[in-house]
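Please read the structure below before turning to the comments.
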Amino acid sequence: MKYAVLSDVHANLEALSAVLAAIDVERVDTILCLGDVVGYGANPNECARMLASAGAKCVVGNHDRAALGLRDTAHFGRKARQAMRWTRRMLGGAARDWLASLPLVRKTSPELLLFHAALHPVPNDELHLSSLSRLEKSLRALEDGGYGTRIGLFGHTHHAGAWRARGGAFGPAPGEMVKLDDGAHYLINPGSVGQSRDDDPRAAFAILDMDQGVVWFRRVAYDTTLSMAKVAALEAKERGGIAAWLSARLPLGLFAGQRR
C-alpha cells in the first residue's frame with residue numbers, strides 16, 4: 001500500500017489544493033489525515049469537503065474539537081482563539097458532522113496507527129511531542145499499549161520528522177527519505193499542510209510506501225499571499241482596521257510560534 005500522509009491543514013484551501021494536486025501525481029492508494037483540518041485559516045468547510053470527497057482516513061485534532069465546542073480554548077494563543085471564533089460561525093452542518101465522526105485514534109492497517117498529538121499518558125489531542133523524552137514516551141506507548149502496530153503517524157507540532165525504536169535504542173531517523181527497518185517501531189510526523197513553523201513556507205506532507213518500506217517527506221509551494229489575505233479579511237471583521245491591515249503585510253512568519 002502507498003499512502004499520502006498529511007496533517008494540520010488548518011482551513012488553508014490554497015495549501016490543501018496544492019498538496020492534493022501533488023498527491024494525485026503520486027498515485028497513492030489512500031490519503032491519511034492526522035487532524036486539525038480547521039482552525040486559523042479561512043476555508044474550513046471547503047477543506048473538510050475536499051478531504052471527505054477524497055475518501056481520506058482521518059483523526060480529530062484539538063482545533064477540530066474546539067470548533068465542535070468539545071474543548072475549551074482558554075489555553076490557545078490569541079490568534080488561535082480569534083480564529084476559532086470565526087471558524088465556529090462559519091462551520092456548516094456537513095463539515096461539522098464529518099468532523100464529529102472522526103475518532104481520536106485510528107488503526108488503518110495492521111501496521112499503522114493514526115493520532116493527532118500523543119499516545120501518553122493516554123491518547124490525547126493536546127500534548128506536543130516537542131522533545132526527545134516525550135517522543136520516546138509515546139513511542140514506547142505505541143510498542144506497549146496493545147495497539148498491535150509498529151508505525152505511529154501524528155501531527156500537532158507542525159514539524160516533519162521520523163523517530164525509531166528498536167530493542168533498547170531510540171532516536172531520530174533523519175533525512176528527506178527514511179528507510180523503515182523491519183522489526184523497528186516508528187513515529188512519523190509529515191509536518192503541516194497549512195501552517196508551516198519551520199522557516200519553509202511551503203506546504204508539507206509525506207508519502208509512505210509500505211511495499212517499499214520507505215517514507216519520503218515532501219514540500220510543495222502554494223499561493224501564500226492569497227491565503228494570508230483571506231485570513232486578514234476575517235481578522236478585519238473580528239478586530240477591525242489597522243491590526244488586520246498590518247498582518248496581511250507581514251511575512252509568513254506571522255504564523256510562526258503559534259501553539260495549540
Side-chain angles (χ1 to χ4, degrees), residues 2-61 63-64 67 79-80 83-84 86-87 90-99 102 114 116 153 155-156 158-160 176 189-208 215-235 247-248 250-256 258:
K2 187 177 182 181
Y3 301 93
V5 187
L6 54 91
S7 189
D8 297 277
V9 174
H10 284 298
N12 187 331
L13 180 62
E14 289 69 37
L16 180 59
S17 297
V19 166
L20 290 179
I23 287 171
D24 190 55
V25 177
E26 298 284 349
R27 299 182 180 275
V28 302
D29 297 297
T30 304
I31 296 173
L32 307 177
C33 179
L34 310 177
D36 277 3
V37 174
V38 304
Y40 289 113
N43 295 101
N45 295 305
E46 294 86 346
C47 289
R49 183 169 59 248
M50 289 176 72
L51 288 169
S53 297
K57 296 181 179 179
C58 304
V59 292
V60 71
H63 283 256
D64 304 323
K79 284 189 174 295
M84 193 49 61
W86 74 61
T87 298
M90 295 166 65
L91 199 63
R96 184 178 297 276
D97 290 345
W98 182 72
L99 289 174
L102 302 181
L114 280 56
H116 179 63
L153 304 175
H156 197 44
H158 297 219
H159 286 268
E176 294 183 3
N189 189 324
S192 172
V193 170
Q195 198 196 89
S196 172
R197 293 179 186 167
D198 61 2
D199 299 321
D200 184 337
R202 297 175 297 168
F205 65 104
I207 300 296
L208 174 61
V215 60
W216 291 274
F217 294 101
R218 300 287 176 82
R219 305 299 284 251
V220 62
Y222 68 95
D223 190 344
T224 58
T225 301
L226 177 57
S227 65
M228 292 175 67
K230 291 194 292 188
V231 170
L234 289 170
E235 287 180 338
S247 68
L250 290 172
L252 195 65
L254 168 74
F255 291 138
Q258 293 297 316

Any residue meeting side chain to side chain donor-acceptor pair (under 3.5 Å) with Glu46, in chain and number order, not counting sequence neighbours = Asn43

What residues, two or more places apart in sequence or in another chain, satisfy salt bridge (charged side-chain N to carboxylate O under 4.0 Å, His left out) together with Lys57?
-> none

Inter- and intrachain pairs under salt bridge (Lys or Arg N to Asp or Glu O under 4.0 Å), touching residues 6-17, at least two apart | Glu14-Lys230

For Arg218, what residues pass the salt bridge (charged side-chain N to carboxylate O under 4.0 Å, His left out) criterion, not counting sequence neighbours?
-> Glu26

Residue pair Ser7 / Pro190, side-chain heavy-atom distance below 4.5 Å | yes

Taking the side chain as every heavy atom from C-beta outward, state whether Val231 and Trp86 have any pair of such atoms under 4.5 Å apart.
-> yes

The side-chain contact (heavy atoms from CB on, under 4.5 Å) partners of Ile23 (sequence neighbours excluded) come to Ala4, Leu6, Val19, Leu20, Val28, Ile31, Phe205

Nearest heavy-atom approach of Cys33 to Leu51 is SG-CD1, 4.0 Å

Audit row: Val9, Gln195, side-chain contact (heavy atoms from CB on, under 4.5 Å) steps and yes/no = CA-CA 7 Å; Val9 174; Gln195 198 196 89; over 6 Å; no

For Ala52, check side-chain contact (heavy atoms from CB on, under 4.5 Å) against everything at least two apart and list the hits.
-> Trp98

List for me each residue that meets salt bridge (charged side-chain N to carboxylate O under 4.0 Å, His left out) alongside Asp198, sequence neighbours excluded, and say none if there are none.
-> Arg219

With a 4.5 Å limit on heavy-atom distance, are the side chains of Leu114 and Leu153 in contact?
-> yes

Looking only at heavy atoms, the pair that brings Gly194 and Asn12 closest together is O-ND2, 3.0 Å

Sequence neighbours excluded, which residues qualify as side-chain contact (heavy atoms from CB on, under 4.5 Å) partners of Ala67?
-> Val38, Met84, Thr87, Leu91

Does His156 reach the main-chain N or O of His116 with its side chain, forming a donor-acceptor pair under 3.5 Å?
-> no

Do any N or O atoms from the side chain of Asn189 and from the backbone of Gly155 form a donor-acceptor pair under 3.5 angstrom?
-> yes

His158 side chain to Ser192 main-chain N or O, any donor-acceptor pair under 3.5 Å?
-> no

What is the minimum heavy-atom distance between Ala95 and Ala48, and which atoms define it?
-> CB-CB, 3.9 Å

Do the side chain of Asp64 and the main chain of Gly61 share a donor and acceptor less than 3.5 angstrom apart?
-> yes

Can any side-chain N or O of His10 pair as donor or acceptor with the backbone N or O of Val37 at less than 3.5 Å?
-> no

Could you check if a side-chain atom of Tyr222 sits within less than 4.5 angstrom of a side-chain atom of Ser227, using non-hydrogen atoms only?
-> yes

Where the side chain of Asp36 meets the backbone of His63, is there a donor-acceptor pair that is under 3.5 Å apart?
-> yes

Could you check if a side-chain atom of Phe217 sits within less than 4.5 angstrom of a side-chain atom of Ile207, using non-hydrogen atoms only?
-> no

Heavy atoms, side chains only, cut-off 4.5 Å: are Leu13 and Met50 in contact?
-> yes

